[in-house]
There are 2 protein chains.
Amino acid sequence: MSGELVYGGPLSERKKRILRSIIEAHIEMGEPIGSKYLVASAQIPFSSATIRNEMAELEEMGYLEQPHTSAGRIPTKLGYRFYVDSLMENYKLTAAEIVTLNNMIQSKIGELDTMIQTASKLVANLTNYTSVAIKASETETVRAFSYMILDEHKFLMVMQMNNESIKTKKVSADCMLDHSGMEALVSLFNKYCVNVVPDDIPYSTILKMESAMGERASLVNPAFKAFYESVASPSASNVKFEGVNKLLEYPEFSNVEQLKRVFSMIENKDDFLDMLSRSDSDKINVFIGDERESRFASNSAFIFRPLTVDGKVIGAIGVFGPSRMDYSKVISTVEYLSQKITGIIEGKALPESDDKR
Amino acid sequence: MSGELVYGGPLSERKKRILRSIIEAHIEMGEPIGSKYLVASAQIPFSSATIRNEMAELEEMGYLEQPHTSAGRIPTKLGYRFYVDSLMENYKLTAAEIVTLNNMIQSKIGELDTMIQTASKLVANLTNYTSVAIKASETETVRAFSYMILDEHKFLMVMQMNNESIKTKKVSADCMLDHSGMEALVSLFNKYCVNVVPDDIPYSTILKMESAMGERASLVNPAFKAFYESVASPSASNVKFEGVNKLLEYPEFSNVEQLKRVFSMIENKDDFLDMLSRSDSDKINVFIGDERESRFASNSAFIFRPLTVDGKVIGAIGVFGPSRMDYSKVISTVEYLSQKITGIIEGKALPESDDKR
DNA sequence: TTTTAGCACTCAAAACATTCAAGTGCTAAC
DNA sequence: GTTAGCACTTGAATGTTTTGAGTGCTAAAA
């Protein structure tokens with residue numbers, strides 16, 4: 001009653017084992033799993049009849065379902081959830097995989113954007129699902145303004161942002177530029193426009209700045225516009241996908257109706273930002289689609305890890321794919337890379353330098 | 001024999017009229033067009049038998065084909081080509097469409113990138129096909145270097161590029177920074193690194209710069225790295241798509257095999273750059289897919305207009321969709337927008353200001 | 001000579017029927 | 001509690017028939 005998900009009751013060890021085998025077999029093969037298959041291939045040392053009984057009960061409890069009477073069972077959303085939460089074993093990245101990841105990331109240290117995207121590409125390649133890179137929008141503010149005169153009528157507005165980045169914008173002026181005028185202008189901006197978003201600055205302040213500038217009042221407007229454009233719009237959140245065509249490989253996405261749903265989600269992006277905003281910021285999040293929820297394409301799952309710096313979410317990397325997904329491997333990979341990235345960002349440098357020595 | 005395409009011989013007026021009607025009906029309805037339909041709906045004042053004879057001849061000449069014996073005719077690649085080159089009437093944008101376009105573009109004057117992308121979005125919305133925005137890679141070089149000291153150990157390297165844009169990069173130094181040292185550094189860069197790509201600068205030059213800097217030699221390396229990173233990598237060509245899911249609406253793309261082809265083309269992007277590089281830079285280009293050419297998905301067409309400034313191709317906007325495309329409308333829209341954009345870029349300002357007065 | 005009415009023919013798609021096999025649930029025996 | 005065995009269900013695969021849109025050709029009409 002307390003959580004969002006209520007499991008159908010305690011499961012015997014045998015039930016867990018059967019459920020797990022079914023889910024893993026289904027993940028691998030993509031087809032409903034029947035009792036005989038479990039006896040023949042897998043490790044359940046009971047007869048098919050016994051397994052059938054157990055499966056019927058697991059179905060009653062909501063962990064499994066049958067596409068139709070004469071088919072095997074497939075996991076429900078609840079089944080996957082339980083699998084992810086309690087049944088699954090952690091996939092261990094192989095040494096080779098780790099080396100690849102480290103090398104690639106190492107070579108891209110620098111801009112946050114590029115790092116997130118490199119990581120995203122790596123995830124797509126390693127897991128063979130579509131990967132998602134999210135850069136969160138920041139309400140950035142300026143810490144300090146400065147300028148640089150380019151020619152008689154143009155100057156560069158330099159803004160040191162509070163998040164350590166620097167933005168510049170070229171500004172054209174009607175009047176001749178000189179240092180004293182620019183000093184005045186910049187100091188006004190440093191007085192009124194620091195640590196604040198443009199929309200919070202009342203128009204009266206702009207008028208005040210203009211009158212303070214005297215005969216150079218005409219500089220204020222273009223400069224403010226540059227400020228506005230640099231701070232307000234451009235760092236809108238963005239969501240980028242890598243390996244979208246990999247989705248087409250999976251039979252669950254091979255009918256056009258389903259594809260339309262998925263692609264409009266991908267093109268729209270809002271759903272992903274929404275999920276990020278409603279997520280736990282310090283661990284892997286797993287969204288699993290379901291027919292009942294309209295907001296998320298059924299048969300699909302989205303696994304992601306928010307990236308945080310000083311407790312603030314600055315982005316995320318993740319994977320989008322069929323709900324029949326190799327959760328174990330995906331989760332390990334995403335977890336590893338996100339750790340690595342936050343490590344690098346937070347300046348803890350590079351933990352194990354297996355490649356350098 | 002001279003051109004790439006050889007038409008099958010001269011066409012009588014009646015044949016042209018029939019061909020055109022078939023193509024336009026097919027574009028609209030997406031199905032093979034039969035003789036009866038032309039009699040019933042359209043404007044061909046002959047009996048179906050006559051039309052059948054003409055159609056048989058048009059097929060012989062290579063303009064039409066039959067999916068199977070008991071079906072109507074559909075245009076071949078040659079048919080479309082002939083239609084685009086000689087049959088089609090120019091679509092006239094409606095006043096409302098022009099107003100929308102102008103308003104949207106007007107409000108986005110500024111960065112070339114944003115303008116191209118805005119245009120691309122407009123095209124996608126107006127035509128209901130997937131639009132393509134290409135920004136060509138430029139081998140940019142720096143016209144002038146300058147600097148701005150941020151704090152004792154950091155400065156901002158400011159590079160005025162030859163294409164009027166400005167790039168900046170934050171550089172960290174080991175030693176204390178002062179203006180005289182920075183002046184020296186910058187003047188060295190202005191001597192050796194102007195109008196040239198970093199890869200063409202021999203290592204000996206770097207050594208020369210270091211020795212010229214004397215005890216501040218350690219500044220050269222990080223500064224050069226900043227130069228290298230700003231010039232070499234980041235402005236790689238990029239190709240962006242808008243409205244990809246619109247493709248799913250068209251029956252020719254509704255089977256998975258076809259979709260895989262198309263999406264891998266879209267994800268790969270190289271094909272588009274290739275087509276741009278082999279295009280006529282001062283007019284609309286129309287690529288029409290065909291089973292025989294492996295390099296381009298069949299059943300699809302790519303229409304685009306390179307954007308040039310001073311004779312140099314700086315990008316392109318275009319449309320990707322089924323070969324059964326509303327060429328007339330697409331071409332008019334793309335043409336109008338590309339004119340508008342090059343107009344704005346070349347500073348001819350804004351021709352008709354229907355909205356301002 | 002050009003156009004058209006008429007008809008036999010073709011063939012994909014739709015509709016319908018049949019077979020096949022995988023998988024189940026249940027009962028009775030172990 | 002477990003399992004062998006069997007009747008039953010049902011989607012998918014395969015085969016058959018029907019339907020209808022559209023053609024090409026011939027012979028008559030213009």
Side-chain angles (χ1 to χ4, degrees), chain A residues 11-19 21-23 25-26 28-76 79 251-252 254-256 299, chain B residues 11-19 21-23 25-26 28-76 79 251-252 254-256 299:
Chain A
L11 292 185
S12 69
E13 277 312 309
R14 190 169 71 185
K15 278 206 179 58
K16 284 187 191 172
R17 191 161 169 188
I18 290 175
L19 180 56
S21 293
I22 291 177
I23 293 181
H26 179 66
E28 192 187 338
M29 316 201 308
E31 270 156 32
I33 304 300
S35 55
K36 281 186 188 157
Y37 176 84
L38 288 185
V39 174
S41 80
Q43 49 292 63
I44 315 284
F46 293 96
S47 77
S48 64
T50 311
I51 297 181
R52 275 204 290 285
N53 288 331
E54 294 284 53
M55 293 202 306
E57 287 179 47
L58 283 167
E59 178 164 8
E60 193 132 337
M61 296 180 189
Y63 296 102
L64 294 176
E65 65 186 332
Q66 264 184 306
H68 57 264
T69 334
S70 72
R73 301 302 210 289
I74 57 174
T76 59
E252 34 271 86
S254 66
N255 78 77
V256 181
N299 297 333
Chain B
L11 292 185
S12 68
E13 278 310 308
R14 189 169 72 185
K15 279 206 180 57
K16 284 187 190 169
R17 191 161 169 188
I18 289 175
L19 180 56
S21 293
I22 290 176
I23 293 181
H26 179 67
E28 194 186 338
M29 316 200 309
E31 272 157 30
I33 304 298
S35 56
K36 280 186 189 158
Y37 177 84
L38 288 185
V39 175
S41 81
Q43 48 294 64
I44 314 285
F46 293 96
S47 77
S48 63
T50 310
I51 298 180
R52 274 203 292 285
N53 288 331
E54 294 283 56
M55 293 201 309
E57 287 179 44
L58 283 167
E59 178 162 10
E60 193 133 333
M61 296 179 190
Y63 296 102
L64 293 177
E65 64 185 334
Q66 263 182 308
H68 57 264
T69 334
S70 71
R73 302 301 209 290
I74 56 175
T76 59
E252 34 270 87
S254 66
N255 78 76
V256 181
N299 296 333

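Below, read A as the first sequence line, B as the second, and so on, with proteins coming before strands; counting in each chain starts at 1.
- Nearest heavy atoms, Pro75(B) versus Glu65(B): O-OE2, 4.2 Å.
- Residue Ser35(A) is in sugar-phosphate contact alone, with no base atom involved, counting any heavy-atom pair closer than 4.0 Å across all strands shown.
- The salt bridge (Lys or Arg N to Asp or Glu O under 4.0 Å) with Glu13(B) is formed by just one residue from the set Lys15(B), Lys16(B), Arg17(B); it is Lys16(B).
- Distances from the side chain of Arg14(A) to the nucleotides dT2(D), dT4(C), dT3(D) place dT2(D) closest.
- If you take CE of Met55(A) and P of dC26(C), they are 13 Å apart, rounded to a whole angstrom.
- For the pair Met55(A) and Ser35(A), the minimum side-chain heavy-atom distance is below 4.5 Å.
- Between the side chain of Arg52(A) and the base of dG5(D), at least one donor-acceptor pair of N or O atoms lies under 3.5 Å.
- Counting to the nearest Å, the P atom of dG23(C) and the CG atom of Leu38(A) are 10 Å from each other.
- In this model, a side-chain donor or acceptor of Ser70(A) finds a partner on the base of dT10(D) within 3.5 Å.
- Counting only heavy atoms from C-beta outward, the side chains of Leu11(A) and Leu58(A) approach each other to under 4.5 Å.
- Out of dT10(C), dG5(D), dT23(D), the shortest distance to the side chain of Gln66(B) is found at dT23(D).
- A straight line from CD of Glu54(A) to C1' of dT24(C) spans 16 Å, rounded to a whole angstrom.
- Side-chain proximity of Ala56(A) to dA5(C), dG25(C), dC26(C): nearest is dG25(C).
- Nucleotide dC26(C) holds its C1' atom 14 Å from the CD atom of Glu57(A), rounded to whole Å.
- Rounded to an integer number of Å, the gap from Ile51(B) CD1 to dA5(C) P is 12 Å.
- The nearest whole Å value for the distance from the CD1 atom in Ile74(B) to the P atom in dA12(C) is 14 Å.
- Comparing Asn53(B) and Gly72(B) by the nucleotide of DNA chain D that holds the closest heavy atom to each, the one mapping nearer the 5' end is Gly72(B).
- Contact annotation: the side chain of Leu64(B) never approaches that of Ile74(B) to less than 4.5 Å [non-hydrogen atoms, C-beta and beyond].
- Computed from coordinates, the His68(B) NE2 to dT19(D) C1' distance equals 13 Å when rounded to whole Å.
- The NZ atom of Lys36(A) sits 15 Å away from the P atom of dT3(D) (whole-angstrom rounding).
- Thr50(B) comes within 4.0 angstrom of a nucleotide base, judged by non-hydrogen atoms across all strands.
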